[in-house]
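What follows is a set of notes on a single structure, which appears directly below.
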Amino acid sequence: DYLLQAGEAMAEAHKHGIVHRDLKPGNLFLTRRADGSPWIKVLDFGISKITIGGSITKTSTLMGSPLYMAPEQLVSSKHVDPRSDIWSLGIILYELVSRRVPFDGDTLPAICTAVLHRPPVPLQSVLRSLPPAFAPIMDRWLQKDPELRYQNLAELAEALAPFGSENSRASVKFIVNVLSDAP
């Protein structure tokens with residue numbers, strides 16, 4: 001549910017051509033709605049990239065948190081698109097449910113090498129209680145080639161729908177509706 005709530009915010013951003021580029025647990029804030037139910041807000045768009053007409057920041061330096069950065073972002077911040085944020089959300093969910101990240105290292109170069117060249121530790125090997133139908137979702141989610149990943153948050157949300165609560169179904173519908181109106 002929390003991940004799909006973050007997906008709602010990111011769907012709005014992606015609809016307007018904004019790629020966050022630094023999605024990580026520290027940029028997701030748990031708050032409460034007026035009715036007391038939990039709500040996730042996405043924070044810190046400080047290094048975001050606008051894909052329609054330019055970017056907010058220069059793209060010639062490494063920007064973001066390497067543990068959560070997509071391979072294409074590690075290579076060049078110029079080539080990020082919404083699929084890079086989708087990757088980051090996958091890393092966040094992986095860590096949320098397993099208490100570890102799928103790529104790790106003791107140094108920045110080791111982390112970057114793992115993200116770029118090693119397969120992720122399969123979530124099902126870390127979390128034995130993972131529903132078997134979820135494994136292919138995570139496998140596609142963390143494809144190193146963005147063309148093989150979920151192409152937008154609507155695709156991802158629909159794949160996640162069977163695993164969420166009634167509240168998450170509302171998030172899925174919102175994401176699909178927002179992105180169906182995207183340019």
Side-chain angles (χ1 to χ4, degrees), residues 2-29 40-96 101-105 107-121 123 137-160 171 174-176 178-183:
Y2 289 162
L3 184 102
L4 285 168
Q5 289 174 13
E8 286 188 44
M10 293 315 305
E12 285 283 352
H14 291 171
K15 176 182 177 177
H16 296 288
I18 299 169
V19 179
H20 191 284
R21 295 199 301 184
D22 197 23
L23 286 172
K24 58 187 176 185
N27 285 337
L28 301 180
F29 181 71
I40 296 291
K41 292 188 175 193
V42 177
L43 307 176
D44 195 2
F45 280 79
I47 66 166
S48 61
K49 176 182 178 181
I50 298 174
T51 59
I52 301 171
S55 66
I56 293 173
T57 54
K58 290 184 180 180
T59 58
S60 60
T61 58
L62 182 68
M63 287 185 270
S65 302
L67 285 172
Y68 303 94
M69 290 170 67
E72 65 273 13
Q73 186 175 357
L74 287 172
V75 172
S76 172
S77 292
K78 286 188 233 180
H79 302 295
V80 300
D81 64 26
R83 297 171 299 185
S84 304
D85 285 343
I86 290 170
W87 167 281
S88 299
L89 289 171
I91 302 294
I92 291 167
L93 181 63
Y94 188 109
E95 184 178 19
L96 182 66
V101 290
F103 305 98
D104 204 356
T107 64
L108 178 60
I111 292 167
C112 293
T113 297
V115 170
L116 289 168
H117 302 293
R118 289 192 209 121
V121 175
L123 185 56
I137 293 171
M138 187 57 72
D139 291 345
R140 181 174 176 197
W141 203 338
L142 297 182
Q143 286 292 317
K144 293 186 186 299
D145 180 347
E147 294 296 322
L148 300 176
R149 220 176 283 151
Y150 289 98
Q151 296 302 293
N152 59 60
L153 283 165
E155 265 186 32
L156 175 61
E158 288 176 329
L160 292 174
S171 292
F174 179 87
I175 292 166
V176 170
V178 164
L179 293 175
S180 67
D181 295 338

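Side chains of Ile175 and Leu179 form a contact here, defined as non-hydrogen atoms less than 4.5 Å apart. Contact check for Glu158 versus Val176: side-chain heavy atoms found under the 4.5 Å cut-off. Between Arg140 and Leu148, the closest side-chain pair of non-hydrogen atoms is not below 4.5 Å. In this structure, Pro66 and Leu108 have side chains that are in contact, with non-hydrogen atoms separated by less than 4.5 Å. No side-chain heavy atom of Phe103 sits under 4.5 Å from any side-chain heavy atom of Leu67. The shortest distance between side-chain heavy atoms of Leu153 and His14 falls below 4.5 Å. For the pair Tyr94 and Val121, the minimum side-chain heavy-atom distance is below 4.5 Å. Side-chain atoms of Gln151 and Glu147, non-hydrogen and from C-beta on, do get closer than 4.5 Å to each other.
Residue Ala70 comes nearest to Val115 through the heavy atom pair C-CG1, 4.4 Å, listed as atom of the first residue, atom of the second, then distance. Of all heavy-atom pairs between Pro71 and Leu116, the closest is O-CD2, 3.6 Å. Shortest non-hydrogen contact noted between Gln73 and Ser84 is OE1-CB, 4.5 Å. Closest approach of Ala9 and Val42 over heavy atoms only: CB-CG2, 3.6 Å.
Applying the salt bridge (Lys or Arg N to Asp or Glu O under 4.0 Å) test to Arg118 and every residue at least two apart in sequence or in another chain returns nothing. Listed by chain and residue number, Arg149 satisfy the salt bridge (Lys or Arg N to Asp or Glu O under 4.0 Å) test with Glu72 (two or more places apart in sequence, or in another chain).
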Step by step, would you call Leu28 with Leu43 a side chain to side chain contact (heavy atoms under 4.5 Å, CB included)? CA-CA 6 Å; Leu28 301 180; Leu43 307 176; over 6 Å; no
Determine whether Lys24 and Glu95 satisfy the following criterion, salt bridge (Lys or Arg N to Asp or Glu O under 4.0 Å), listing intermediate values before the conclusion. CA-CA 10 Å; Lys24 58 187 176 185; Glu95 184 178 19; over 6 Å; no
Could you go through the side chain to side chain contact (heavy atoms under 4.5 Å, CB included) check for Gln5 and Phe174 one step at a time? CA-CA 10 Å; Gln5 289 174 13; Phe174 179 87; over 6 Å; no
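With His20 contributing its side chain and Asp22 its backbone, the two residues share a donor-acceptor pair below 3.5 Å. With hydrogens and angles disregarded, no donor-acceptor distance shorter than 3.5 Å links the side chain of Tyr68 to the backbone of Pro25.
In summary, the side chains of Ser171 and Glu8 do present a donor paired with an acceptor at a separation below 3.5 Å, with no hydrogens or angles considered.
Ring geometry for Trp141 versus Tyr150: interplanar angle over 60°, hence perpendicular rather than tilted (30 to 60°).
With respect to the salt-bridge test (charged N to carboxylate O, under 4.0 angstrom), the residues Arg83 and Asp85 do not qualify.
Taken from CD1 in Ile111 to OG1 in Thr107, the straight-line distance is 7.0 Å, to the nearest 0.5 Å.
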